[in-house]
Each structure stands twice: as C-alpha cells, then as structure tokens.
Amino acid sequence: MIKVQALSHRIGRAEILADIDLALPEGKITALIGPNGAGKSTLLSLIARLMPVQAGQISVKGLDVAQTPTRDLAQVMAVLPQSPSVSSRLRVAELVGFGRWPYHQGRPSAEDHAQVAKALEVFALTALGPRFLDELSGGQRQRAHLAMAFAQATDWLLLDEPLAALDMAHARALMQQLSALRNGGRSTLMVLHDINFAAAWADHIVAMKAGRIVAEGPPAEVLTPAVLEALYDTPLRVEWFEGRPLVLYHL
Amino acid sequence: MVGLIVAVLTASALYLLPGLGPRWEYALALRATRLAGMVLVGAAIAVATVLFQTVSRNRILTPQIMGFDALFVLAQTALVASLGPVGLAGLPIAAKFAAEVGLLIGAALLLFGTLLGRGAQDVPRMILTGVILGVLFRSISTFLARLMDPNAFATVQSQAMASFSRVNASLLPYAAGLAGLAIALAFVLARRLDVLALGRVAAVSLGLRHDALIAAALALVAVLVAVATALVGPMAFLGLIVVALARWLAGTDRHARMLVVAGLIGPLVLIAGQTVFERALGRQSTLPAVVEFVGGLLFLGLLLKGRIR
C-alpha cells in the first residue's frame, strides 16, 4: 500500500499540493487523472522520492520515503522516466541488467543474470538484447525500460504519462503489459492524460484538481459526467462500452 | 588496452632517449620530469573530462568551459600586475602552486555549490554560469594586460600558455598525490557513474544517491583540473580530444573501461605532441597548438565519419 498523509507542497509561493490524504491499494492499476496543473506529476515525483517532501508523510509498503535509505526503497518501487533518455551508448540487455542494481550494486550474480534473461523474455526483447538503445524505435525503447523496471522486481511501478510519446498500437501494448504485471501481483501507479485509457485499463482512479483530490474510486464511480465536468470545466458525455465508461469529450 | 600501454611506453622511450648528448644525466633528468608531468596532466585531464561529460550528460564539453583556464590566467595576470615580472619569478614555487590549486578548487566548489543547493538538477544552469564567469575573468585579464608595460605583458603571455618546461620536479610528488587520489576515487565510483548515465529518474529509481554522487564527481573534477592547470597552465581542448578518441577506441561507455582508456590516451597524446614539438618543430610553436591542431583534425575526422556520437 502507498499511504500519503497530510501532504502539502509549494514551489515558491505557488501551492502545488494541498493537504493530500491517500491510500492506494495493492495489486491494482491506479490512474491519476486531472487537468493540467492539478499536481499529478508532483504527487508522483514526491512518492518516487524524486523531490524532497516538504510537509506531510508518504510511505510505500510501510517504508517512509523521507527516512528510508534510497537503496531499500529501490527494492519496493521502480519509477519509469517520462521520456527515457540514456546518455551512454548501451545495449538493450545492459539496460535491463541495470534493473538488478539495487540487489548487486555492480556485481551481478547468476541469479541476477537469470532475472534479466527472464525480463527480456517476458517483454519479447531477447532478440533485441544485443542492439544499441539508440537503434530502437521509441516504443521499443520504452519496452526496454519497462523490462528494466520488471527486472527490478518491485511490488510498485510508478509511471508518469507513459503514453505521451507512443502511437496507438504501442500505447495499447504498454497497457496490456501493465495489466499482465497486475495479474502477476504487481501494483502500478500512473499519471494518465488520455481518460479513456484510464477508463479501459485502470482498476482505481484518483481525480485531482488544483492540488486536491476531488474523487477516488473504481472507474464506474469516478468517470461520471457530474464528476468529470467539474474536474475539467468542460461539458462532455459518458457512454458505456463493453461494461466500461467511454468518455466522449472530443465532440 | 595492452596495445595502449605499449604505445605509451614506446612514446615515452622515443621522448626520453634519442639525442641525449654528452651531458646525458642532466638531459635525462630534465626530460623525465617533463614526462612525469605529461603523464600526470594527461591522465588528470582525461579522467576529469570523462567525469564531467557524465555529469553534464554531454559529450562535447570539457570542464575547462567553466572558466577554469580564464581564472588561472587572471590569477597570473593579477600577480604580474601587482608584483611585476621579477616579483613573480621571486615567489616561492611551492606556495604559489598551493595557492593556485587552492584558488581553482575553491572557485570550482563555489560554482558547483550553487548547483548543489538546487538539488543537482540544474547542470545546464551551472555550466552557463561558468561560461559567463569565464568571459568575465578573461575581460578583467585583458583589461589588466592593457595597463601593463610590454615586458610584464610578455611574462603574462608565456604564463598563459601551457608548457611542460614549466613543470617543477619538487612539486610533482604533491601534484601526483592529489591527482592520484582523485583518479583512484573516480575508479571507486565507476560502477555508480554507469547508473548515473541512465538519467536522474532511472538512477534514483535504482536506489543511487544521485545528488551526492554528482557532488562527489564534481569535486573530483575540481581537484584534477586545478592540479593540472596549476602545474602546466591551461589545456583547453585536450580533454575533449582525448575522451572522444577514448570513446572510439573503448567501444563502450562503461566507466571502468573508459577511465582506463582515456587515462592512457591522455598521456599518449601529450607525449607524442611534445616529441613532435621539441624534435620536429624545433620548439617553433607551442604544445597546445600542436596537440590541438593534430588532435582537432583527428577529432573532426572521426566526427564526420560518424565514429563518434
């Protein structure tokens, strides 16, 4: 479980997050939604310890992110960069190999090599293993980073707008992979911009606006016209398709 | 790698041995001092540049862009302006060296400190600050130089040019101790630097103490550049050329290997350059001119061929 208590955050005078309390369930895909500037990415960054907590408390699986050594946190949560950019010239297998760093600190054991081989296989990267990252397409590169996070073998996976640079096919493939991870017992927290991806794939939705949480729950409860119109300040329709909400905001 | 070691040894022999003349003990001791200086400076600059490129996530930068050279030249100019050429020559060498190293390290730490206050996330800002300070230092030097008499100005000009004939044997042990320690620490950090190169988010996610590692790497850069510059003077593009060649030869960005290869190529380039400078050109040029002309051509060639990215 990820627990957030009385979390507030300021950048200069601007209040980004105001007194957030949140308990995110395990074994589910949780989507953070909301308009631009709602504080979704800030919340994710604070949970991921990418920024120091100013006020309040965050714990992941009972470990306080401000107190726990970062190496221990690396064994309970993995963070996927928004647009992965690696400055060194790496092969795919090497990148995925870094996923085991929290366990071996640079001296991989046979067990680590086995985990890396498994991660490459799960994400259909075995054939691409010897290729350099800069020879891959954006979608393949994202998959390689996901495989690295998988090799990290953490209960939680945090992603900030992973679909931003992906085309339809890759976006769907990514969601399918995350959903397979969920079925394997992993938990995911992600910032999603496309609300219909949240509607179709998420188990739990947290809606944020102006640094506060305005709604939380399963898609059927949160993705209603009343909640969404207030959230995005725009009129929209919600239809149902195959038992899940489908938000028509573009008409 | 063995080939590189052989090449360094061959170049050293070619530099040390031919044409020693009748008073060979004297000539050999002189050349040995210079050779030691070249090995030290070459390795220090190479390692510093590798570290700096990793921290800045940029492969066409050297730490010298931050205005280290300009500050060194300014210090020399200010000394000549206040003490005169004779006064400069009269300064105790060890004290002057210690003061220069201290000044350069201090300035670097101040500059890097402003970065670290911001959580090590704003490397481009730090680099730009350094570039601007470099311009400021250079302008002040130029201004001071205009006020000088021509003799003093000639002294400044010779001080502002890197030269291995300046290497003082009594300073070498201290310089070697400092630089050796910093290089050893760089090797200790090598595996962590590999993770650092994945970018901040990935590095933090993997449990690397990202900001602390950046601070450590920059401190090592400061020490290495300060020692090298105080020993022989500014060598602006040496690091860029050496590290580009090393990336091409090493065929990997893994730091453990890159640091070794770059640390060998640095001395090799300097020794070869100095040999050409002393023997073929009859000292009718300057060492940086030789190194940067030949090295620069090679660098451009590799860049155009796409061997360096």
Side-chain angles (χ1 to χ4, degrees), chain A residues 41 44-45 47-52 63 65 68-91 94-108 132-135 141 144-146 148-149 151-154 156-160 162, chain B residues 50-61 116-124 187-214 217 243-244 246-259 306-309:
Chain A
S41 290
L44 193 91
S45 300
I47 295 174
R49 71 190 178 303
L50 293 169
M51 293 194 284
L63 303 174
V65 297
T68 313
T70 181
R71 188 182 162 185
D72 297 344
L73 289 171
Q75 302 187 8
V76 299
M77 68 172 156
V79 192
L80 220 63
Q82 187 168 15
S83 54
S85 76
V86 172
S87 63
S88 54
R89 211 164 137 70
L90 280 185
R91 293 172 196 281
E94 287 180 289
L95 177 78
V96 177
F98 278 115
R100 300 302 296 168
W101 170 270
Y103 304 93
H104 63 59
Q105 304 283 308
R107 289 177 180 76
F132 281 108
L133 277 179
D134 51 10
E135 295 166 355
R141 213 172 306 155
H145 275 86
L146 198 60
M148 174 173 89
Q152 207 176 329
T154 56
W156 277 94
L157 181 58
L158 274 50
L159 305 100
D160 190 357
Chain B
V50 171
L51 296 179
F52 192 73
Q53 290 189 351
T54 300
V55 169
S56 63
R57 298 168 65 76
N58 189 318
R59 301 212 176 157
I60 50 169
L61 284 184
L116 298 170
R118 299 172 167 273
Q121 293 170 35
D122 214 351
V123 175
F187 275 97
V188 172
L189 296 179
R191 291 166 198 277
R192 271 168 261 185
L193 291 166
D194 291 337
V195 180
L196 186 73
L198 297 178
R200 182 165 188 273
V201 174
V204 171
S205 168
L206 291 172
L208 189 77
R209 292 178 57 216
H210 177 273
D211 298 358
L213 182 60
I214 290 221
V243 174
R247 280 197 204 285
W248 173 53
L249 282 178
T252 173
D253 284 337
R254 293 268 170 167
H255 284 82
R257 190 170 159 78
M258 263 303 291
L259 288 173
R307 298 279 177 78
I308 304 176
R309 343 184 156 199

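The figures that follow rest on heavy atoms only: side chains count, while hydrogens, waters and symmetry mates do not. Per chain, numbering begins at 1; letters A, B, ... match sequence-line order. Please read all numbers here as calculations on a predicted model, not as lab measurements.
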Enquirer: Side chain, backbone, both or neither: which part of B:Asn58 has a heavy atom under 4.5 Å from chain A?
Expert: neither

Enquirer: Among A:Arg71, A:Gln75, A:Glu94, A:Arg91, single out the residue with the greatest number of heavy-atom pairs under 4.5 Å to chain B.
Expert: A:Glu94

Enquirer: Determine the minimum heavy-atom distance between A:Gln105 and B:Arg191, stating which atoms define it.
Expert: O-CD, 4.1 Å

Enquirer: In terms of heavy-atom proximity below 4.5 Å to chain A, should B:Leu208 be classed as side chain, backbone, both, or neither?
Expert: both

Enquirer: Any idea which heavy atoms bring A:Arg89 and B:Arg59 closest together, and the distance?
Expert: N-NH2, 3.6 Å

Enquirer: For residues A:Ala48 and B:Val204, report the shortest heavy-atom separation together with the two atoms involved.
Expert: O-CG1, 4.0 Å

Enquirer: Please tell me if the side chains of A:Leu90 and B:Asp253 come closer than 4.5 Å, counting only heavy atoms from C-beta onward.
Expert: no

Enquirer: In terms of heavy-atom proximity below 4.5 Å to chain A, should B:Arg254 be classed as side chain, backbone, both, or neither?
Expert: side chain

Enquirer: Who passes salt bridge (charged side-chain N to carboxylate O under 4.0 Å, His left out) against A:Asp160, sequence neighbours left out?
Expert: none

Enquirer: Which heavy atom of A:Phe98 sits nearest a heavy atom of B:Leu206, and at what distance?
Expert: O-CD2, 3.3 Å

Enquirer: What pairs with B:Arg209 under side chain to side chain contact (heavy atoms under 4.5 Å, CB included), at least two apart in sequence or on another chain?
Expert: A:Thr70, B:Ala212

Enquirer: If you define the side chain from C-beta out and look only at heavy atoms, does anything of B:Ser205 sit under 4.5 Å from A:Met148?
Expert: no

